[in-house]
Amino acid sequence: MFLNRGGMACRLRFRISIFLLQMIFFVTMLIGGEADLSVPVRSASTSEERHSEEYCAMYDICGARSDGKVLNCPYGSPSVKPDELFSEKIQSLCPTISGNVCCTEAQFETLRSQVQQAIPLFVGCPACLRNFLNLFCELSCSPRQSLFINVTSIAEVGGKMTVDGIDYFVTEKFGKGLYDSCKDVKFGTMNTRAIDFVGGGAKSSEEFFAFLGQKVGPGIPGSPYSINFKANTDKPSQMELMNVSVYSCGDTSLGCSCGDCPSSPACSSLEPPSPPKSNACTIRIWSLKSSCIDFSITILYVIFISAFLGWALFHPTRERRRFSAREEPLLNIGDDGEVNSVNLEENENGATKEHGVHLTLRNGVQLSTIQGYIASFYRNYGAWVARNPILVLCTSLSIVLILCVGLVRFKVETRPEKLWVGHGSKAAAEKQFFDSHLAPFYRIEQLIIATKPSGRQSTAPRIVTEDNILLLFDIQNKVNELVANYSGSVVSLTDICLKPLGEDCATQSILQYFKMDPENFDEYGGVEHVEYCLQHYTSTETCFSAFKAPLDPSTSLGGFVGNNYSEASAFVVTYPVNNAIDDVGDENGKAIAWEKAFVKLAKEELLPLVQSKNLTLSFSSESSIEEELKRESTADVLTIAVSYLVMFAYISVALGDSNISSSFYLSSKVLLGLSGVLLVVLSVLGSVGFFSALGVKSTLIIMEVIPFLVLAVGVDNMCILVHAVKRQPFELTLEERISNALVEVGPSITLASLSEILAFAVGTFVPMPACRVFSMFAALAVFLDFILQLSAFVALIVFDIRRAENHRVDCFPCIKVPPRSDEPNQGFNQRRLGLLSRYMKDVHAPLLGLWGVKIAVVIIFVGLTLGSIALSTKIEVGLEQKIVLPRDSYLQGYFDDLAEYLRIGPPLYFVVKDYNYSSKSRHTNQLCSISQCDSNSLLNEISRASLTPELNYIAKPAASWLDDFLVWLSPEAFGCCRKFTNGSYCPPDDQPPCCIPDEGFCDASEGVCQDCTTCFHHSDLVAGRPTTVQFREKLPWFLNSLPSADCAKGGHGAYTNSVNLNGYESGIIKASEFRSYHTPLNKQGDYVNALRAAKEFCSKISDSLKMDIFPYSVFYIFFEQYLDIWKTALMNIAIALGAIFIVSLVITSCLWSSGIIILVLAMIIIDLMGVMAILNIQLNAVSVVNILMSIGIAVEFCVHLVHAFSVSCGDRSQRAREALTTMGASVFSGITLTKLVGVIVLCFAKSEIFVIYYFQMYLALVIIGFLHGLVFLPVILSMIGPPSRYSVQDDAPIETELHVS
């Protein structure tokens, strides 16, 4: 999927490769034409003088092939003494040759013109260049030529005999020295080694010589006759081995850079690349191997069990009973602020008075000042609501409806960068700098066509077959014919595609080996031609693309191993499209219109076509993710609606009486439940309206998750309120029942709601915009729902009680039925305990009261928590792209294929800001990697880092415009930087106006360029570097220079966008980039680690060089947040727990109770993170927000039970049992089941993000919260719970005084 912006364009320079590769090295006029006759030459027939000092084996030119390339004469002759001028020319190129020579001036000029093409490749490493030139200087002009050159065959061309094959005897020392000095020299433009081009990727000197000596056919770069390099002579023989001095790349006199010669002494003193670090600390005990954290937690658990069992053994199992077990108090506050304990069951003496004015009580409850105020507030507020339900209902609804007016400005954000990239992101700022100062990365449209395993085959068949290639031509034809309409104009691929040179699109496809023309398929040789090009894509003209560049097979094939391209199982077709910085630009508008048509074509035509051939097709466009996110906003509407309906149905049942009688139509609460759901909807709409009015855009998560979330939270409080009212004796007045119910559950509801609001609000600290906005909307929605529950819903309860007392039918209040004498009140009367309450009282509470069960519960739950701590360290960070998309999205298969088949990583740019190129600055040598550059320069360090890709995630050395510019500028590269006599730029001899092939004119010795000279002499440079003026003047020349055979280092196309020339005249280049590649990244962890490694690398280099350098790749802005996601998560969890602790402490005024609540909450969250590890749920902004919201939701499983425990009487075990009996059923039915019912429906959602991050995580939360709230918490309270606020006063009057502490 990832292409190289500069790398694509850089392939312009591979017009040069037609000449540059093999043939340029047969600089001894080895390039020739087709022979008419080949005759072997018997060595035995050669005369003695043919192999002697001062004798030539080949001299002069005896012919030329049809393509005009000259051929040597096979006749031996004595060496010739050159004139003084000719001798100086030879010495300038071949310093090892003096005296007589074995070449004519015509031969030498041919040699010179050929090596000038190789010089730009090797000039960065003088030792390699010198060895390379010596090899061919000795072959061409050495006066001892006949001693190590033996003509083995001749051919007749044009009636004359010419050389057709030779033996070249070279010492093994020279061959190995040549190869070793050149093997690491970089060819920066292609981010690879120069030897991959000049030596076919040779791995040894033998392979290097074998490649150079291959005989090639007419029109193909390479040798026109075979050269058999030999390291030994036959005995007896007059032949000797060519053994001129060979230079090591570490030779200080011919020093190479560290990037070109890692073995150089200047580089050997540098610290070698560190081996990959193992992130895991391990401990081995005998044959067992365990991580340090697992081992530590195991030891800690063993210590805990030992200590706990020791404590349990000596701890008394009973507490002194201070209260009668028969008394079960419930708070009732009188008008004067007195707190009376009301028995839920009639006492034996029937001492309760009418309306509950004075009850027979002997015990009091001590409340803190804040609790006293809260109790008094709810007592007075409840009575006021009961008296004015219409006013309360209308007022509360009016406020929310006013907030809903903001919905007129409602907008949905679907742009990925606006959803997932945080404000103030450093990576986002760096991307903006890159796009504005250099050029934005181009848009990508891609097809992946793959074979499928057949039968029992475990591997897929190869894709490179004739049928599949012809199918690919059919597909390409449809893409070429595709047009889209944009603002009344027709847009085709050619209108928007990237065109490095000329009018041909830079499409990355295997079809480029046929110039994208199906008529060339048979002409070029079909499949055999493809397989040839897979191995020779850099060296054969017929393998070059239509846009005049080599096509790297790794960009157009997938599913292969190593370099075994012919076994690839997938075609990867990529269409680079021009990109613009602003989305509103006309350029992007055309591209988006074409992309939509492209996706439609792929779905409707290409997919059936490919599947009919038993192949698979996946596809994507640049705008695909955004379009699919828009579609997802409506994909799960049905699922969410069903979830609401299920929860509504459950609410209606849960709020009603459990006993089914003939008056069920009076006791049911369907209308009340529906009203409660509507209140939840209004709270969500009010939140969305408020933020929409402020200009905050919504997201699909807000629209679908928040209503469900608020409903799940709101239902709990609805059930608790209704159940609290039901527990009040119906003999009390309506005002007293409402007041008593609010006093009983109001504080715990307030604490739970405030905790939820705070937990959601903490999520606003998460940097990801989608999650931050979600937290803002959710916090306000929960707050509004809380307000509506305590106002509008309480008013609705009052109306429902009146309806039932007036014997009006639920849902049809206009219908009134006559009362029955045996059922005097069916409104809010639950005198008898329900099935769930009886279970809690008779089974659940007594079971947990057993001492052995308590010990087992504590051991098990602590073990689960410690185990979850160990598991949580294994949670991976990241957010898979496919998860945020609908399950049926076509991008699901595309991302799978991308990970399976792609064999090239995303491009990596090292961006340098404010590069000072003046002569007084050291920046140039601190950046470059050629001769005389600093050993610790940026490019040398990049090259060293690429040696350990598993650690640094850098696949290749960087393509350097600076290195190529300095080489282009150097006097040695005499075919590159040239000028006319008037000082203007003169192109290489093989480019117009020097060479005009269409007019048949390419003779550099004549025409307008014959007087061109190199830009500089060595004396013009300062320490081998251009002066400030020279640099400033020649840099634009370089960036506009086309690469060609005569000068491979032209910067046009390759580096056009690599340097920002705005204001560079001041001596400062504001921005420039050096391009490399990441290794293939398949997992989210790979992307995060690659980003982290790149940032650490640049930070180290920036500090070392005192320069501003940063890395950039297209995916960085989306993954930057994961660099410190653990820190963000733990910090926000701590803040949320701390906020809840403070709120709990303020409301309960009990450090003990607050501590237990926080302990249980922490255990719930730790266990939830353990489940995340088991379910492979990644840690990202979505899961962090979910964890924070889980803290708020988990409060409900704890706070109601702790509050009931604190106001109960008896010893801890009795109080825990009473709390379970009183609130256990409400927690289970009103909190656990309501959430469980709604969550289960989400498993049918089409979006993976709903299933993984909302169904799985919230289901785990409900189960874990239920177990901790109704199993672990009662046990802990019964063992170490806080003291009761219920106190015995033997001398107290019947009406107990309120004691406020």
Side-chain angles (χ1 to χ4, degrees), residues 328 650 654 658 712-713 715-717 719-720 723-724 727 745 748-749 751-752 755 833-865 1153 1156-1168 1171 1190-1208 1212-1239 1258-1282:
E328 301 180 7
Y650 173 78
S658 58
V713 171
V715 166
D716 306 339
N717 294 337
C719 291
I720 290 172
H723 290 169
R727 286 195 294 268
V745 298
S748 58
I749 288 179
L751 175 56
S755 299
L833 293 177
L835 178 62
L836 190 56
S837 297
R838 290 198 299 272
Y839 163 77
M840 287 292 174
K841 180 179 181 181
D842 300 333
V843 179
H844 192 77
L847 180 63
L848 293 181
L850 299 177
W851 189 248
V853 173
K854 292 180 181 181
I855 295 175
V857 166
V858 172
I859 290 176
I860 292 173
F861 276 77
V862 171
L864 290 174
T865 299
S1153 297
I1156 289 178
I1157 291 174
I1158 296 302
L1159 171 65
V1160 177
L1161 289 180
M1163 293 178 67
I1164 290 174
I1165 297 306
I1166 291 172
D1167 288 354
L1168 179 61
V1171 173
S1190 297
I1191 295 175
I1193 294 174
V1195 170
E1196 296 188 356
F1197 291 99
C1198 309
V1199 66
H1200 300 294
L1201 209 63
V1202 171
H1203 177 71
F1205 178 85
S1206 66
V1207 297
S1208 300
R1212 287 191 176 100
S1213 295
Q1214 292 171 333
R1215 291 161 59 205
R1217 178 176 178 176
E1218 184 176 341
L1220 275 174
T1221 303
T1222 304
M1223 293 302 300
S1226 295
V1227 171
F1228 183 77
S1229 63
I1231 298 177
T1232 304
L1233 291 183
T1234 52
K1235 290 179 172 60
L1236 190 64
V1237 168
V1239 165
Y1258 282 107
L1259 179 62
L1261 171 65
V1262 171
I1263 296 174
I1264 294 171
F1266 159 73
L1267 293 175
H1268 281 78
L1270 293 181
V1271 178
F1272 178 74
L1273 180 59
V1275 169
I1276 287 297
L1277 290 174
S1278 69
M1279 299 178 75
I1280 58 170

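For the single chain, residues carry numbers from 1 onward in sequence order. These values consider heavy atoms only, across backbone and side chains, with no hydrogens, waters or symmetry-generated copies.
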Minimum heavy-atom separation for [X] and [Y], please, with both atom names.
X	Y	value
Leu1236	Leu1259	CD1-CD1, 3.4 Å
Pro846	Lys841	CD-O, 3.2 Å
Lys854	Ser1213	NZ-OG, 3.0 Å
Phe1266	Phe1228	CE1-CD1, 3.3 Å
Ser1153	Pro1282	OG-CG, 3.1 Å
Glu1196	Ala752	CG-CB, 3.9 Å

Atom [atom1] in [X], atom [atom2] in [Y]: separation rounded to 0.5 Å?
X	Y	atom1	atom2	answer
Leu1168	Ile1191	CG	CD1	9.5 Å
Ile860	Leu1267	CD1	CG	10.5 Å
Ile1157	Phe1197	CD1	CZ	14.5 Å
Ile749	Asn717	CD1	CG	4.5 Å
Leu1277	Leu1220	CG	CG	9.0 Å

>> Quick one, Ile1164 with Ser1190, criterion side-chain contact (heavy atoms from CB on, under 4.5 Å). Give me CA distance, side-chain angles, the key distance, then yes/no.
In response: CA-CA 9 Å; Ile1164 290 174; Ser1190 297; over 6 Å; no

Is any side-chain heavy atom of [X] closer than 4.5 Å to a side-chain heavy atom of [Y]?
X	Y	answer
Leu1201	Pro1274	yes
Ile1264	Leu864	no
Ile1193	Leu1261	yes
Leu1270	Met840	yes
Leu751	His1203	no
Val1271	His844	yes
Val857	Phe1272	yes

> Do the ring centers of Phe861 and His1268 come within less than 6.0 Å of each other?
Replying inline: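 Yes - the distance between ring centres of Phe861 and His1268 falls below the 6.0 Å cut-off.
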
>> Determine whether Phe1205 and Leu1273 satisfy the following criterion, side-chain contact (heavy atoms from CB on, under 4.5 Å), listing intermediate values before the conclusion.
In response: CA-CA 11 Å; Phe1205 178 85; Leu1273 180 59; over 6 Å; no

> Is a side-chain donor or acceptor of Arg1217 paired with a backbone partner of Ala845 at a separation under 3.5 angstrom?
Replying inline: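 Such a contact is absent between Arg1217 side chain and Ala845 backbone.
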
> Who passes side chain to side chain donor-acceptor pair (under 3.5 Å) against Ser748, sequence neighbours left out?
Replying inline: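 Side chain to side chain donor-acceptor pair (under 3.5 Å) check on Ser748 returns His1200.
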
